[in-house]
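So that the names make sense, note that chain A is the first sequence line, chain B the second, and so on, each numbered from 1.
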2 protein chains.
Amino acid sequence: MAKKVVQDAERRRRRRTKQGLVLSHALIVETALRLLREHGPQGLTARRLGLALGADPSTVYRYFDGMDDLILALADELMGRAVAGWETTGDWRRDLRDLGLRIHATYLAHPQAAVLTAARVSGRSQEIAADEAILGLLRGAGFPDPAAVRIYHAFIDQALAFAALDAASLTLPEPALRADRTIWRATYARLPERTHPNITAVADLLAARMNSSAYPAALDLMLASAAAELAAAPRDGGNEVVQSV
Amino acid sequence: MAKKVVQDAERRRRRRTKQGLVLSHALIVETALRLLREHGPQGLTARRLGLALGADPSTVYRYFDGMDDLILALADELMGRAVAGWETTGDWRRDLRDLGLRIHATYLAHPQAAVLTAARVSGRSQEIAADEAILGLLRGAGFPDPAAVRIYHAFIDQALAFAALDAASLTLPEPALRADRTIWRATYARLPERTHPNITAVADLLAARMNSSAYPAALDLMLASAAAELAAAPRDGGNEVVQSV
DNA sequence: CACCTTATGCCAACAGGGTTGACGTTATTC
DNA sequence: GAATAACGTCAACCCTGTTGGCATAAGGTG
């Protein structure tokens with residue numbers, strides 16, 4: 001198995017090898033992310049990855065336990081990048097807002113990586129570190145455990161969900177995910193006005209709107225709701241619907 | 001092409017054919033959804049679909065232009081089911097809340113169909129009908145076009161995003177998407193307390209929370225925010241962040 | 001130094017994926 | 001009855017992830 005290989009190879013610096021190749025987890029992840037960004041999900045295959053690395057496709061399996069494992073590593077890497085440079089001020093609301101925007105921005109910088117948002121939850125290092133930070137922040141702010149967990153989940157879910165959908169709007173991946181502006185305009189503007197008056201009337205608006213993000217506003221709403229909950233009752237309030245505004 | 005085939009075959013009732021097979025768009029979609037629900041994304045392949053239909057895999061291509069086209073049809077079918085039975089009362093906020101919950105529930109009834117949420121936007125009949133209804137509702141309520149489009153998008157995005165993530169929490173699909181309770185508990189509870197005090201302290205809560213949905217609360221927040229915007233200013237307010245509560 | 005174990009890379013091969021084209025049969029239409 | 005479209009099968013193609021065997025390099029130990 002590649003488990004022990006991981007630990008040993010990680011702490012060692014190799015000079016050169018048979019064909020002069022020097023692969024590593026970091027290099028493979030970096031290359032995979034590049035392929036994903038430049039050529040979309042279709043571009044990230046075992047064979048293409050091997051080609052981009054100048055190595056045989058099967059070599060990747062010396063470092064990762066299959067393609068699924070690699071994908072989890074990619075998601076973990078992105079989470080690590082999102083958290084990198086994040087500094088907590090002690091103001092949980094401000095800190096979470098900052099982190100949320102960082103996660104969102106990181107995924108938007110790798111639009112094709114929207115696939116990865118479904119691959120969360122793995123017990124990998126970067127993710128767990130981020131989770132620890134978030135939970136610690138919430139508990140430190142005075143949220144009881146159930147509330148902290150609830151907010152923690154809502155926070156992560158929201159960030160990843162919006163990132164995935166925003167990214168899907170920005171990119172032009174495989175036909176099944178096609179959602180770019182051109183498609184929208186072409187699809188909606190071509191509808192007969194008689195049968196679809198509402199859509200045709202706002203076809204251009206629909207197309208133009210595909211580029212903007214609704215996440216910051218939604219994030220602020222969620223944080224405001226959490227703050228109101230904290231201010232109202234120090235004790236936990238269960239899972240009931242929060243009616244505000 | 002299958003385009004003309006579609007129209008002609010749809011309006012006709014065929015008694016029997018060569019081997020006694022009577023395929024149709026509806027039957028194929030129904031079977032594909034069943035495969036997806038029972039065996040997950042891995043279970044929905046051209047070959048398995050052919051097997052389940054008792055037909056040759058290539059036969060599907062007489063009805064759909066490739067697997068992508070079929071997947072879009074599945075998403076369209078689900079949207080149609082979600083909207084079926086939906087009755088508008090004229091109260092846009094109440095109606096949208098109802099529709100949102102319907103969409104959410106429909107996708108939760110087909111957990112494995114979370115993949116389909118990424119396949120939105122296609123110009124297919126059921127979807128366009130739903131879009132028309134939503135946009136008509138918002139414009140009728142007095143929202144100017146830009147605001148209506150913005151809310152329309154936020155509404156759909158939110159419903160699909162939460163459905164996808166909630167469904168991912170409920171199911172146990174391929175390794176890359178693994179996110180079930182067992183995994184959560186096993187993953188997080190096994191962490192050393194010394195290095196991960198926060199996570200280990202709430203490990204059970206984390207696992208238990210995977211089954212509940214945060215969508216209704218988020219939906220209410222969004223609708224409340226939209227209502228506040230409508231009450232405050234009849235004219236459109238652009239894309240600025242809404243600070244409420 | 002020799003020696004053995006581990007790490008690392010390549011190669012060939014397998015099962016299974018989507019998709020296509022030719023072909024035959026059936027159903028419909030004129 | 002003849003022509004045409006629809007429908008289903010079959011064999012084949014190229015792609016995918018993945019594996020086992022083999023060769024070489026590296027690292028540690030005598």
Please report the shortest heavy-atom distance between [X] and [Y], naming the atom on each side.
| X | Y | result |
| --- | --- | --- |
| B/Glu127 | B/Asp76 | N-OD1, 2.8 Å |
| A/Gly136 | B/Asn198 | CA-ND2, 3.4 Å |
| A/Ala73 | A/Phe64 | CB-CE2, 3.7 Å |

base_contact_polar (C/dC11 base, A/Ser58 side chain, donor-acceptor, <3.5 Å): yes
Rounded distance (nearest 0.5 Å) linking atom CG of B/Leu44 with atom CE of B/Met67: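 Reported to 0.5 Å precision, the distance equals 4.5 Å.
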Nearest of [options] to any side-chain atom of [X]?
| X | options | result |
| --- | --- | --- |
| A/Arg62 | D/dT19, D/dC22, D/dT9 | D/dC22 |
| B/Asp56 | D/dC10, C/dT8, C/dT19 | D/dC10 |
| B/Met67 | D/dT18, C/dG18, C/dC10 | C/dG18 |
| A/Arg48 | C/dT8, D/dT16, D/dT19 | D/dT16 |

Stepwise side chain to side chain contact (heavy atoms under 4.5 Å, CB included) check, B/Leu101 with B/Tyr215: CA-CA 8 Å; B/Leu101 295 180; B/Tyr215 174 63; 4.2 Å; yes
For [X] and [N], what is the distance between atoms [atom1] and [atom2] respectively, to the nearest whole Å?
| X | N | atom1 | atom2 | result |
| --- | --- | --- | --- | --- |
| B/Tyr61 | C/dG21 | OH | C1' | 14 Å |
| B/Leu27 | D/dC7 | CG | C1' | 14 Å |
| A/Leu70 | D/dT18 | CG | C1' | 14 Å |
| B/Tyr63 | C/dT19 | OH | C1' | 18 Å |
| A/Gln42 | D/dG17 | CD | P | 11 Å |
| B/Arg47 | C/dT20 | CZ | P | 13 Å |
| B/Phe64 | D/dG8 | CZ | C1' | 16 Å |
| B/Leu51 | D/dG8 | CG | P | 16 Å |

The helix from C/dC1-D/dG30 to C/dC30-D/dG1: angle between end helix axes, five pairs per end, rounded to 10 degrees: 0°
Show me the donor-acceptor pairs, under 3.5 Å and distance only, between side chains in residues 47-55 of chain B and residues at least two apart or in other chains.
none

Side chain to side chain contact (heavy atoms under 4.5 Å, CB included) partners of B/Ala133, counting only residues at least two apart: B/Trp86
Given DNA chain C, 5'-ward residue of the pair A/Thr59 and B/Ala46, judged by closest heavy atom: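 Its nearest nucleotide lies further toward 5', so the answer is A/Thr59.
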